[in-house]
J.: 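One structure is given below, represented as structure tokens, and several questions about it will come after.
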Amino acid sequence: QTSGHDFAMLRSLVLALAAMAALAHTAQAAAPRPNLMFLLVDDWGWANFGIHRNDSSGDIHTPNLDALARGGIILDRHYVFKYCSPSRSALQTGRNPIHVNVINSDVNQHNPRDPISGFQGVPRNMTGLAQKLAGVGYATHHVGKWNAGMATLEQTPAGRGYHTSIGYFGYDTWFWNETRPSSTCRGQGIVDMWTRNGPAVGTNNSFACNQGHQPPSCLYQDELFVQRVLNVIDEHDKDTPLFLFWAPHAPHDPYEVPQEYLDRFANIEQIERRYYTAMINLLDDNVGRVVKALHTAGLWDNTLIVASADNGGPVGRNYGGNNWPLRGGKASNLEGGVRVNAFAAGGAIPPTRRGTVETGFAAIEDWYRTFCAIAGADPTDHAAAAAGLPPVEGLDLSAMLLTADGTSPRKEIVLGSSSINISMGNTTVQGVIREDGWKLLIGSLSAAFWQGPIYPNSSGYPAATLECGDPALPAGAAGAGTGCLFNVFSDPTEQRNVAADHPDIVASLRARITDLSATVFSPDRGDVDDQACRAALDQYGGFWGPFVA
């Protein structure tokens with residue numbers, strides 16, 4: 001029998017436990033969501049990162065990036081597309097490039113017969129990552145290269161949900177005067193620099209600024225960008241979660257850099273390697289400045305930084321990248337073109353995960369769903385569904401990053417490509433890697449050579465193409481062959497094609513390529529439209545910008 005006193009004590013205990021639970025729930029609900037930062041480095045070679053080198057050449061000096069990676073989680077098997085725009089399109093939309101964009105075509109393209117997808121980059125009806133994060137209260141900022149669409153306002157950073165933006169639309173510009181090396185209008189250079197609201201008038205240098213003319217009045221493009229990143233951090237309201245997408249230009253060509261950085265590597269005689277190395281060192285210094293700013297602003301402890309290259313380093317004549325010991329480079333689906341430098345860092349990484357190497361698969365399209373999960377946003381793209389566009393397919397890696405025993409949910413890497421007709425796209429699937437490391441490639445692969453620890457060098461540039469053929473074609477037919485089969489776990493440098501030894505594995509992976517090929521997204525993006533030049537000259541005062549209503 002229970003006394004009234006016992007009931008009173010029990011009641012007090014129940015109320016106390018309820019109060020504690022309520023306080024815990026309130027504290028959990030009030031816990032600030034982490035700030036999110038994505039650093040997307042352009043053309044960053046595997047061997048152009050200190051953590052991937054064990055030599056003493058002195059070429060590569062990346063102490064800030066090394067410290068971030070080693071103090072966080074090194075993402076050892078992070079995959080991207082083999083060149084720029086498709087990787088960037090995948091990041092912003094959460095789709096594998098075969099379902100959004102596989103071509104690096106001119107941002108001035110337009111197909112008036114297709115008002116949704118008839119443009120370079122991301123179709124206008126896909127919802128951007130920043131739109132998702134802004135919708136749940138994040139302050140969103142873009143700084144640097146875009147290369148995911150320009151023709152319509154919906155395709156610009158502002159149209160994709162960024163509250164502020166400064167950067168360029170194309171795949172490159174001159175660093176000193178912000179015009180595009182390969183695009184003019186009626187013989188006139190056009191500036192590629194845009195803010196959220198229009199042409200970035202006043203941020204560009206005089207056309208007289210160039211590598212040989214660097215007076216103090218000429219501001220190097222990546223200095224402009226890092227100053228903007230520092231301002232965003234300094235001015236940020238800590239009561240609002242932050243999403244910062246920073247996409248530096250360096251070390252992508254054209255190879256230009258402040259003279260002081262070039263002078264640091266005067267010992268390197270090979271000119272492309274000297275410029276590229278200097279640009280990597282400048283990038284590293286800027287990363288150090290940003291990390292210091294995060295600490296100073298009191299943001300570091302609640303910030304998650306994810307860094308990745310957008311493709312492997314460019315190799316061959318006129319390029320300075322190096323992916324040693326991996327085979328291949330930019331524009332190739334060999335490992336050197338698609339397995340890239342990547343890591344997660346910041347105070348939001350749990351102590352139990354710091355200083356670790358994650359060997360599970362990750363892909364560039366996974367960060368859309370991952371950041372949505374961390375922020376509490378629904379990743380479903382209703383606008384795309386209404387327009388009949390492919391859905392978000394990236395996976396949620398948040399448990400892998402933020403829990404002690406989390407693993408990657410990704411079991412497969414899909415490697416896309418395109419035919420020679422870049423206007424039509426003609427999206428193809430060239431390869432697949434499954435969870436046991438078996439990788440099948442079909443067709444022809446460029447840059448199929450191995451670099452050394454010191455590359456490029458005086459030995460020249462191998463003109464190496466790997467002809468894998470396609471086992472799905474009849475023997476003797478043009479393009480037929482066994483395919484190229486590697487196990488990238490036991491043979492990470494792709495030395496041994498063992499297709500002839502494992503016909504069952506080849507058949508299984510080729511069947512998977514067939515299934516994936518039936519799902520590809522391949523719109524006709526049209527041709528270069530003179531409306532882009534008319535808008536640049538007549539509407540924007542000599543700046544590239546949207547040209548389709």
Side-chain angles (χ1 to χ4, degrees), residues 79 81-83 86 95-105 312 316 326-339 361 363 390 393 411-450 462-525:
Y79 285 84
F81 197 79
K82 60 185 177 176
Y83 44 73
R95 278 91 167 167
N96 184 283
I98 67 168
H99 296 135
V100 56
N101 172 35
V102 295
I103 54 177
N104 243 14
S105 56
L326 303 179
R327 186 180 188 181
K330 180 179 180 178
S332 173
N333 271 319
L334 291 161
E335 293 288 276
V338 293
R339 180 185 173 191
F361 285 152
E393 64 190 301
K411 306 301 181 185
E412 176 182 70
I413 297 294
V414 178
L415 302 172
S417 191
S418 65
S419 75
I420 196 169
N421 186 339
I422 63 169
S423 172
M424 288 294 292
N426 292 345
T427 303
T428 62
V429 180
Q430 189 173 35
V432 66
I433 311 172
R434 72 185 192 190
E435 61 182 319
D436 57 2
W438 286 112
K439 174 181 180 179
L440 179 68
L441 295 168
I442 60 175
S444 178
L445 294 110
S446 62
F449 63 95
W450 295 270
T465 300
L466 178 62
E467 298 294 347
C468 293
D470 186 348
L473 296 174
T482 62
C484 291
L485 181 70
F486 305 98
N487 190 294
V488 294
F489 291 172
S490 60
D491 179 22
T493 57
E494 296 171 302
Q495 300 276 350
R496 301 179 298 278
N497 175 12
V498 293
D501 299 330
H502 299 281
D504 54 333
I505 297 175
V506 170
S508 175
L509 292 175
R510 185 60 184 88
R512 179 60 180 152
I513 289 174
T514 298
D515 290 344
L516 289 163
S517 298
T519 73
V520 299
F521 176 69
S522 195
D524 181 349
R525 299 175 188 270

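Please read all numbers here as calculations on a predicted model, not as lab measurements. Side chains included, hydrogens not; waters and symmetry mates left out as well; all remaining heavy atoms used.
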J.: Nearest 0.5 Å please: distance from the CD1 atom of Ile513 over to the CG atom of Asp470.
T.: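 The CG atom of Asp470 is 7.5 Å from CD1 of Ile513, to the nearest 0.5 Å.
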J.: Would Cys484 and Glu494 count as a side-chain contact (heavy atoms from CB on, under 4.5 Å) here? Give the steps.
T.: CA-CA 10 Å; Cys484 291; Glu494 296 171 302; over 6 Å; no
J.: Return the CZ to OG distance between Phe449 and Ser332, rounded to the nearest 0.5 Å.
T.: 9.5 Å
J.: Heavy atoms only: give me the nearest Gly483-Asn497 pair and the separation to one decimal.
T.: O-ND2, 3.6 Å
J.: If you take all heavy atoms of Ile103 and Ser418, which pair is closest and at what distance?
T.: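 Shortest heavy-atom separation between Ile103 and Ser418 comes out as CG2-OG, 3.7 Å.
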J.: Glu393 side chain to Asn96 main-chain N or O, any donor-acceptor pair under 3.5 Å?
T.: yes
J.: Taking Thr427 for its side chain and Val102 for its backbone only, find out whether a donor-acceptor pair lies under 3.5 Å.
T.: no
J.: Apply side-chain contact (heavy atoms from CB on, under 4.5 Å) to residues His502 and Trp438 and explain how you reach the verdict.
T.: CA-CA 10 Å; His502 299 281; Trp438 286 112; 3.7 Å; yes
J.: Identify the heavy atoms of Asn333 and Lys439 that sit nearest to each other, and give their distance.
T.: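 Here Asn333 and Lys439 meet closest at O-NZ, 2.9 Å.
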J.: Side chains of Val429 and Arg512: closer than 4.5 Å at any heavy-atom pair?
T.: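 SC-SC contact between Val429 and Arg512 ruled out.
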J.: How close do Pro86 and Tyr83 get, heavy atom to heavy atom, and via which atoms?
T.: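 Heavy atoms only, the tightest pair is CD-O, 3.5 Å.
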J.: Testing the basics here: between Ala480 and Ala475, what is the closest heavy-atom pair and its distance to 0.1 Å?
T.: CB-CA, 4.5 Å
J.: How about Lys82 and Ser417: do any of their side-chain heavy atoms sit closer than 4.5 Å?
T.: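 Touching, per the 4.5 Å side-chain cut-off.
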J.: Nearest 0.5 Å please: distance from the CD atom of Glu412 over to the CG atom of Leu516.
T.: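 The CD atom of Glu412 sits 5.5 Å away from the CG atom of Leu516.
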J.: CD1 of Ile442 to OG1 of Thr428: how many Å apart, nearest 0.5 Å?
T.: 7.5 Å
J.: Kindly determine whether Thr514 and Arg510 satisfy side chain to side chain donor-acceptor pair (under 3.5 Å), including the steps that lead there.
T.: CA-CA 6 Å; Thr514 298; Arg510 185 60 184 88; 2.9 Å; yes
J.: To the closest 0.5 Å, what do you measure between CG (Leu415) and CG (Leu445)?
T.: 9.5 Å
J.: Taking the side chain as every heavy atom from C-beta outward, state whether Arg327 and Leu466 have any atom pair closer than 4.5 Å.
T.: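 With C-beta onward as the side chain, the pair touches.
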J.: One pair to check against side-chain contact (heavy atoms from CB on, under 4.5 Å): Val506 and Leu440. What are the steps and the verdict?
T.: CA-CA 7 Å; Val506 170; Leu440 179 68; 4.3 Å; yes
J.: Rounded to the nearest 0.5 Å, what separation is found between the OG atom of Ser517 and the CD atom of Gln430?
T.: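 Spacing of OG (Ser517) from CD (Gln430) equals 11.0 Å.
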J.: Side chains of Val498 and Asn487, heavy atoms from C-beta outward: is any pair under 4.5 Å?
T.: no
J.: Of all heavy-atom pairs between Phe81 and Gly416, which one has the smallest distance, and what is that distance?
T.: CE1-O, 3.3 Å
J.: What is the ring orientation for Tyr79 with Phe361, classed by angle as parallel under 30°, tilted 30 to 60°, or perpendicular over 60°?
T.: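 Ring orientation, 0 to 90° scale: perpendicular.
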